[in-house]
Amino acid sequence: MRKIQTQIISIVAVLVIGFTMFSLANATTPAENKAAGVAFLTENAKKPNIVTTASGLQYEILTPGTGTASPSATDNVTVHYKGTTIDGTEFDSSYSRGEPATFPLNRVIKGWTEGVQLMKEGAKYRFFIPSELAYGEQGAGRAIGPNAALIFDVELIKIQ
């Protein structure tokens, strides 16, 4: 009986150690995230429909707006959005929650503050946000690693 217990404990220990080693070997470092983001944005900038601002924010107009005004940084905006990492992993979506979000535009990441000010009501843009205009070196939880570039689809519904 003792031999079986020892074998089971050994098997469990090997599995735990193997899983830990595999996880560590496949973890991305902040430097790897930064390099991946720079490479992605460099290639993305070559596409004819991508506009790059002086800050490095890239955007694509999916649907032009019908409104006459753009929001200022101090306005509240109501938007629908979906956020993904550059590998396509979704980490947040107002569409999934079934209702748009309203917030002060100057209380979000820099890439959003800059990008949404380019939009008119009714517009839908895709933003490609370098890490320094997103969550930077600290990242944001498990879904957004340090130095991660992000992609957001944003639909500006209303400026308040």
Side-chain angles (χ1 to χ4, degrees), residues 19 22-160:
F19 179 75
F22 177 79
S23 296
L24 290 173
N26 290 301
T28 56
T29 66
E32 289 170 331
N33 285 343
K34 183 71 169 176
V38 168
F40 174 86
L41 293 167
T42 299
E43 284 304 307
N44 196 55
K46 296 175 184 176
K47 296 177 182 174
N49 53 338
I50 301 298
V51 178
T52 303
T53 69
S55 71
L57 173 70
Q58 295 178 356
Y59 67 93
E60 175 181 12
I61 300 172
L62 303 175
T63 305
T66 55
T68 57
S70 295
S72 69
T74 56
D75 286 331
N76 285 335
V77 293
T78 300
V79 298
H80 253 311
Y81 68 92
K82 177 178 85 166
T84 66
T85 56
I86 59 174
D87 70 1
T89 303
E90 184 178 306
F91 57 83
D92 193 12
S93 172
S94 65
Y95 295 105
S96 295
R97 289 190 297 277
E99 71 178 90
T102 301
F103 48 79
L105 193 51
N106 60 2
R107 302 284 181 171
V108 293
I109 60 174
K110 293 175 186 177
W112 267 66
T113 302
E114 178 184 350
V116 175
Q117 290 182 83
L118 302 170
M119 301 173 74
K120 307 247 187 263
E121 284 184 352
K124 185 172 184 179
Y125 282 27
R126 180 166 293 146
F127 297 119
F128 303 90
I129 304 177
S131 64
E132 57 274 9
L133 299 178
Y135 294 98
E137 293 180 357
Q138 74 273 6
R142 300 180 92 197
I144 303 171
N147 291 330
L150 302 175
I151 301 170
F152 282 94
D153 287 352
V154 179
E155 179 183 353
L156 180 57
I157 297 170
K158 184 172 175 88
I159 304 166
Q160 293 130 345

Donor-acceptor pairs under 3.5 Å, side chain of residues 128-140 to any protein atom, not counting sequence neighbours: which ones?
{"residue": "S131", "atom": "OG", "partner": "K34", "partner atom": "NZ", "Å": "3.2"}
{"residue": "E132", "atom": "OE1", "partner": "K34", "partner atom": "NZ", "Å": "2.6"}
{"residue": "Q138", "atom": "NE2", "partner": "Y135", "partner atom": "O", "Å": "2.7"}

Please report the closest heavy-atom contact between [X] and [Y], naming both atoms and the distance.
X: A73; Y: T113; result: CB-CG2, 4.0 Å
X: I50; Y: E60; result: CD1-CB, 3.8 Å
X: V77; Y: Q160; result: N-OE1, 3.9 Å
X: S70; Y: Q117; result: CB-O, 3.2 Å
X: S93; Y: E90; result: CB-OE2, 3.3 Å

Among all residues two or more places apart in sequence or in another chain, which pass the side chain to side chain donor-acceptor pair (under 3.5 Å) test with [X]?
X: E155; value: Y95
X: R97; value: Y81, D92
X: T74; value: S72

Problem - From NZ (K120) to OG1 (T68), nearest 0.5 Å - result: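 One finds 7.5 Å between NZ of K120 and OG1 of T68.
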Name each donor-acceptor pair under 3.5 Å that joins a side chain in residues 98-109 to protein atoms two or more places apart or in another chain, with its distance.
{"residue": "T102", "atom": "OG1", "partner": "T78", "partner atom": "OG1", "Å": "2.7"}

Using side-chain heavy atoms (C-beta onward) and a distance below 4.5 Å, is [X] in contact with [Y]?
X: P71; Y: V116; answer: yes
X: F127; Y: M119; answer: yes
X: I151; Y: F40; answer: yes

Handout entry: Donor-acceptor pair, side chain of D87 and main chain of T89, under 3.5 angstrom
Key =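 Yes.
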Exercise for the section: Provide the full list of salt bridge (charged side-chain N to carboxylate O under 4.0 Å, His left out) pairs with a residue in residues 37-50, sequence neighbours left out, each pair given once. Expected result: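 Qualifying pairs, neighbours excluded: E43-K46.
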Handout entry: Residue from K124, R126, K82 passing side chain to side chain donor-acceptor pair (under 3.5 Å) with D153
Key =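 When K124, R126, K82 are each tested with D153, the side chain to side chain donor-acceptor pair (under 3.5 Å) holds only for R126.
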